[in-house]
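Proteins come first, then strands; the chains are lettered A, B, ... in the order of their sequence lines, and each starts at number 1. Quick caveat: nothing in here was measured; it's all calculated off a predicted structure.
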Amino acid sequence: MASVSAWRLPQSRSDTPPHMTKTQISTTFEQVAILLELDGANRFRVIAYQNASRALATLEEDLLTVVQENRITEIKGIGKGIGGLISEAVLHGSWGNLDELYAKIPPGLIQMTGIPSLGPKRVRLLYEELKIDSLEKLKYACENNQIASLQGFGPKSQEKYLEGIDLLNRYQGRNRLDIGLAYGRVLEEKISKIPNVVKAQLAGSARRMRETIGDLDIVLGAKPEYQDGIIREIMDFPGIAEVKGQGTSKISLILEAEMLAEPIGSSEMDIALSESLSERSSNATIDAQIRIVNPETFPFTLAYFTGSKEHNIRMRQLAIDKGLRLNEFGLFSESEAGDKTGMEAAKNTLICSDESEIYKNLGMPWIPPELREDMGEIEAASEGNLPKLIEVGDLKGAFHNHTTSSDGAATLEEMANQAINLGWEYLGIADHSESLNIGGRQIGIPSNEMINQSIEIKKLNKYYQNENINFKLFHGSECDILSDGKLDYSLEIRNSLSHVIGSVHALGSWKNRDESTNTEFLIKAIEDPTFTILGHPTGRILQGREGFP
DNA sequence: GCCGTTTTCGGCCCGACTGTTTTCAGTCG
Ligand SMILES: Nc1nc2c(ncn2[C@H]2C[C@H](O)[C@@H](COP(=O)(O)OP(=O)(O)OP(=O)(O)O)O2)c(=O)[nH]1
Ligand SMILES: [Mg+2]
Ligand SMILES: [Zn+2]
């Protein structure tokens, strides 16, 4: 759920246009969509703001230029109304009537929609009828039996909200990809092992390899006669914190993360990953959706459950344009299906034995899950212009690696050996530089110790050469970009290195400057002749901290 | 609120599960 602390309209930080950035306007429209929903607005109007938010986020052109040249409504999904808002925000830094909407909806209502099965319609009712505008007030009302008697509510919903508030407090947010994947693979394997399961596969954002994973989505293929039994076996799993829903083809669970914390098989787990897993509260939960279908429809359901939602919508629209219809059961003729829906409609589906045949029937090659975000991949695939993605096997080495000389977990030699084991041809060492300290504790390598690392690397390189090992270490540094855009270390040291990765670490002054000032300082660093690579350019730490403007 | 080459009105992806429900809205995926 979006953080409520930043729930306000952005203010201009500049005297001249552009007064707002693409990101600021995009984020605002996302919030407006949520507020409109709580305000009971037409749902397609809500979607219009979501679409506009996406359109801005994916716009490559300079927004001010587009506005000044009166081309804003040429962007698909942006018309007169929203286009007017964008122009006003960019040119004047103001937001039309949106401030009224923000004033009208208490932020507590947004938090309330975080409770499972409590959505905008009912939150609005609770607010209008009982003046409930916070989780605390909702809890009090539930405990005092004030909800059940309300028109549109009942004893079950009141009960659910109370449980939901507890679950919300335990909810630790989305999982970073590595953690989510580890959990997901354990669940996938547990389900695969149930007798008569033909196939179980992790789908959703985990299969698309997104940076963070909201929940675990699993497609399960099994013959109809076994499905009930399989569902019962899953419901008997230990560690189910809550059953959000259980039907004949879909179950929604909240799982104790502990249930999935066991590493898979005997393969040794990444040290950092196992640390991350144990760092998470033992109290943590993770949601799981399991979709159960007949083995023949597996490819369609896998494609559907892999998403993204936006990609699915485009795929379905594309099918309609071709006189077909697509759902999670098949791809079939619109006219033949008529009024039928769901599995009935898909009775005479085109036979597709895997995902690539679905895409083929829609005039495209198979699209890798990593690209399925409606970010241009449908157009690229239709025109035969899909990029060839870089695979793990394509990697020959990496330049940004730390060792125990700064804050790494492994020594230089351990790092090198592991790289050789991976079949890499080189490894660039780039430990933190001198000025990096955390609360006074020295992290980076002091200037006078850089020579030691240099000697050790030369020694190892000589050894690889003598032993005819096709591997080389490069001695670099992850050099701090200081607040004035200068690079850490003396010019002499930097000149002696094979590569200098410039990174901003002490965010302090960067946070309080605007985008263009920060960019100027970054450019200054980049223009230094010793500079090679810009490290983590946004300063963001996933689920840790925001980046700088 | 946006969109359109059968369009300026009437669609906008489509389905599972629940219980607020007795024929369907809300929520979620
Ligand atoms: N056609 C269609 N498919 C949807 C819709 N919502 C979700 N899906 C499909 C695509 C999603 O990737 C998949 C799983 O839903 P999730 O809500 O878990 O989304 P996803 O896993 O992509 O992201 P997450 O990290 O879990 O937030 O279900 C929808 O509104 N329409
Ligand atoms: Mg998901
Ligand atoms: Zn760094």
Side-chain angles (χ1 to χ4, degrees), chain A residues 29 32-33 36-37 40-55 72-86 96 112-126 129 147-161 164 203-205 214-219 231 243-254 287-293 297 300-301 303-321 324-332 334 337 339-346 374:
Chain A
F29 287 165
V32 167
L36 280 174
E37 238 184 335
N42 177 292
R43 66 197 185 93
F44 295 108
R45 196 173 154 223
V46 172
I47 291 172
Y49 277 92
Q50 287 167 349
N51 289 342
S53 171
R54 273 177 58 79
I72 191 72
T73 56
E74 286 173 19
I75 299 169
K76 198 171 176 323
I78 295 177
K80 264 186 136 177
I82 292 182
L85 282 173
I86 297 173
M112 285 162 64
T113 60
I115 295 171
S117 81
L118 180 55
K121 293 260 160 48
R122 288 212 171 85
V123 164
R124 186 173 144 84
L125 266 175
L126 291 171
E129 300 293 324
I147 305 287
S149 54
L150 209 60
Q151 179 72 33
F153 296 80
K156 291 241 168 111
S157 52
Q158 184 169 273
E159 186 91 355
K160 269 194 177 178
Y161 300 160
S205 51
D215 65 357
L216 305 176
D217 304 291
I218 303 233
V219 185
I231 289 174
V243 180
K244 283 207 274 187
Q246 179 194 353
T248 56
S249 83
K250 189 171 89 173
I251 47 187
S252 292
L253 307 173
I254 301 181
D287 289 18
Q289 312 281 332
I290 297 138
R291 189 69 203 256
I292 302 104
V293 293
T297 67
F300 294 105
T301 311
Y304 149 72
F305 225 29
T306 297
S308 63
K309 173 183 172 184
E310 290 75 14
H311 179 86
N312 287 353
I313 291 174
R314 287 294 309 277
M315 291 283 286
R316 288 168 185 214
Q317 285 168 335
L318 209 63
I320 292 168
D321 291 345
L324 302 168
R325 266 170 58 197
L326 174 66
N327 62 19
E328 64 263 49
F329 306 109
L331 176 63
F332 44 88
E334 163 73 66
D339 288 342
K340 294 199 207 90
T341 61
M343 213 155 27
E344 264 303 293
D374 186 26

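Partner assigned to B:dG26 is B:dC17, using Watson-Crick or G-U wobble distances below 3.5 angstrom.
Residue A:Ile320 is in sugar-phosphate contact alone, with no base atom involved, counting any heavy-atom pair closer than 4.0 Å across all strands shown. In this structure, A:Ile75 reaches the sugar-phosphate backbone alone: every heavy-atom distance under 4.0 Å involves primed, P, OP1 or OP2 atoms, never a base. Within 4.0 Å of A:Asn51, counting heavy atoms only, lies no atom of the nucleic acid at all. Within 4.0 Å of A:Gly342, counting heavy atoms only, lie sugar-phosphate atoms of the nucleic acid but no base atom. In this structure, A:Lys80 reaches the sugar-phosphate backbone alone: every heavy-atom distance under 4.0 Å involves primed, P, OP1 or OP2 atoms, never a base. Counting non-hydrogen atoms under 4.0 angstrom, A:Ile115 reaches the backbone sugars and phosphates but no base. Contacts of A:Phe329 with the nucleic acid, taken as non-hydrogen atoms under 4.0 Å apart, involve only primed sugar atoms and P, OP1 or OP2. Nucleic acid contact for A:Ser252: none, since no nucleic acid atom lies under 4.0 Å from a heavy atom of the residue. A:Asn327 comes within contact range of the sugar-phosphate backbone alone, with a heavy-atom separation under 4.0 Å but no base atom that close. Heavy atoms of A:Arg291 sit under 4.0 angstrom from primed sugar atoms or phosphate atoms, though from no base atom. Residue A:Ile82 is in sugar-phosphate contact alone, with no base atom involved, counting any heavy-atom pair closer than 4.0 Å across all strands shown. Nucleic acid contact for A:Leu150: none, since no nucleic acid atom lies under 4.0 Å from a heavy atom of the residue.
One finds a salt bridge joining A:Arg316 and A:Glu328 here, because a Lys/Arg side-chain nitrogen approaches an Asp/Glu carboxylate oxygen to under 4.0 Å.
Running 5' to 3' along DNA chain B, contacts with non-hydrogen atoms of chain A at under 4.0 Å begin and end at B:dG1 to B:dG29.
Looking at residues two or more places apart in sequence or on another chain, you find a side chain to side chain contact (heavy atoms under 4.5 Å, CB included) between A:Ser308 and A:Arg208, A:Glu310, A:His311, A:Glu373.
Between A:Ile313 and A:Asp374 the shortest side-chain heavy-atom distance does not fall below 4.5 Å.
Ring centroids of A:Phe329 and A:Phe300 are separated by 6.0 Å or more, keeping the two rings apart.
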